[in-house]
Amino acid sequence: MSKKYSKFLPSTDDFNLEHFPFYWITQVHAQYVQKVDHVLKKYGVDNSRRRILVALASKPNASVSELSEMIVSKMSTTTKIVYRLKEEHLVETYSCPHDGRITRVVLTETGLEMTHKINDLTAAVLEQSLEGLTPLQIDRLIDGLKHIFHNLSH
């Protein structure tokens, strides 16, 4: 173990949770989800549904498998959410013409409208969360998180 990282590792004697990066990542994520769920409640949408809708807006006709990767969710969980969204007339599904084993998902017009509403509502949460940070600080934060992600992907 490298000494330069010892301050951040829970296996050391002088460990302080406040110095553990993943503690803060999970805390920030939990707060964000809680705030997003609260603002979306009036539309009957939760964060799980929001993530699928937003992912579909950025990648129309994605497969359930692709959505699962995009939102970092198990395939079975993603499938359940997609079929809930289908019951709510926010998405439609169809079999891929080239490979019938692949189910593709597309936003309905109602789903697209809901996604726009969701993005408007959650923009306020995002702005609140970034208040006091400069665009350069935000870029550096994103770069650092991407770097950590890359390290963990190997």
Side-chain angles (χ1 to χ4, degrees), residues 5 8-10 17 20-154:
Y5 298 123
F8 308 105
L9 301 175
L17 190 59
F20 188 55
F22 293 98
Y23 168 77
W24 289 110
I25 290 170
T26 57
Q27 292 298 307
V28 168
H29 181 257
Q31 283 293 321
Y32 177 75
V33 169
Q34 188 176 29
K35 294 251 184 203
V36 165
D37 275 343
H38 179 74
V39 298
L40 295 179
K41 193 179 232 177
K42 70 179 178 179
Y43 289 119
V45 178
D46 59 16
N47 192 55
S48 298
R49 287 178 177 90
R50 177 197 69 84
R51 292 171 63 208
I52 297 277
L53 294 172
V54 171
L56 276 172
S58 71
K59 185 170 180 156
N61 299 296
S63 69
V64 175
S65 176
E66 290 168 329
L67 288 172
S68 189
E69 288 177 24
M70 290 171 73
I71 68 167
V72 190
S73 175
K74 291 180 183 176
M75 181 80 143
S76 60
T77 303
T78 304
T79 301
K80 286 177 191 174
I81 298 166
V82 164
Y83 282 96
R84 266 191 238 134
L85 290 168
K86 188 174 179 176
E87 289 171 9
E88 296 165 354
H89 308 288
L90 298 173
V91 302
E92 285 296 326
T93 60
Y94 64 95
S95 291
C96 180
H98 306 296
D99 186 344
R101 298 171 297 173
I102 298 172
T103 300
R104 299 224 170 258
V105 187
V106 63
L107 287 170
T108 62
E109 190 61 39
T110 305
L112 187 58
E113 290 171 16
M114 179 63 77
T115 303
H116 290 307
K117 289 176 187 176
I118 285 169
N119 287 339
D120 289 344
L121 286 172
T122 58
V125 174
L126 184 60
E127 284 184 33
Q128 177 191 11
S129 70
L130 299 176
E131 192 172 313
L133 296 172
T134 66
L136 181 59
Q137 288 173 314
I138 297 164
D139 285 338
R140 285 185 178 158
L141 172 64
I142 291 169
D143 287 344
L145 291 170
K146 284 180 182 178
H147 189 93
I148 292 168
F149 180 83
H150 177 75
N151 289 347
L152 292 171
S153 296
H154 288 75

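In this text the structure is predicted, and so the values were computed from the model without any measurement.
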Any S95 side-chain heavy atom under 4.5 Å of R101 side chain
no

Polar contact flag, side-chain donor to acceptor under 3.5 angstrom, N47-Y32
no

Answer yes or no: is there an ion pair linking R49 with D46, defined by an N-O contact shorter than 4.0 Å?
yes

Is it the case that atom NZ in K86 sees more than 12 heavy atoms from other parts of the structure closer than 6.0 Å?
yes

Does the T93 side chain pair with the main chain of R104, one donor and one acceptor, at a distance under 3.5 Å?
no

OG/S63 to CD/E69 distance, rounded to the nearest 0.5 angstrom?
7.5 Å

Is there side-chain contact between V91 and Y83, with at least one heavy-atom pair below 4.5 Å?
no

Would you indicate whether E131, at its atom CD, is surrounded by more than 12 heavy atoms from other residues, nucleotides or ligands within a distance under 6.0 Å?
no

Within this structure, what is the CH2-CG distance for the pair W24 and L17, rounded to the nearest 0.5 Å?
8.0 Å

Pairwise distance NE2(H154) to CZ(F149) - rounded to 0.5 angstrom:
10.5 Å

Could you tell me whether the side chain of V64 reaches within less than 4.5 Å of the side chain of M75, counting heavy atoms only?
yes

From Q128 CD over to Q31 CD, what is the distance, rounded to the nearest 0.5 angstrom?
9.5 Å

Would you say the side chain of L107 lies within less than 4.5 Å of the side chain of T115, judging by non-hydrogen atoms?
yes

Please tell me if the side chains of M114 and E88 come closer than 4.5 Å, counting only heavy atoms from C-beta onward.
no

What distance separates R140 CZ from L145 CG, expressed to the nearest 0.5 Å?
14.5 Å

Separation between CG of L53 and CD1 of I118, rounded to the nearest 0.5 Å:
5.0 Å

Does L121 form a side chain to side chain contact (heavy atoms under 4.5 Å, CB included) with L40? I'd like the steps, not just the answer.
CA-CA 7 Å; L121 286 172; L40 295 179; 4.1 Å; yes

With no hydrogens and no angle check, is any side-chain donor or acceptor of T77 less than 3.5 Å from a backbone partner on S73?
no

If you define the side chain from C-beta out and look only at heavy atoms, does anything of I148 sit under 4.5 Å from L152?
yes

What's the shortest heavy-atom distance between V45 and R50, and which atoms?
CG1-N, 3.9 Å

Is the closest side-chain heavy-atom distance between S76 and T79 below 4.5 Å?
no

Residue of the set I102, V105, N61 for which side-chain contact (heavy atoms from CB on, under 4.5 Å) holds with Y94:
N61

Specify the closest pair of heavy atoms between F8 and F20, including all atoms of both residues, with the distance to one decimal.
O-CD1, 3.2 Å

Indicate yes or no for a side-chain donor-acceptor contact from T108 to the backbone of L90 under 3.5 Å, with no hydrogens or angles considered.
yes

With heavy-atom distances below 4.5 Å as the criterion, would you say the side chains of L141 and Q137 are in contact?
no

Any chance you could lay out the side chain to side chain contact (heavy atoms under 4.5 Å, CB included) test for S129 and K35, step after step, and finish with the verdict?
CA-CA 10 Å; S129 70; K35 294 251 184 203; over 6 Å; no

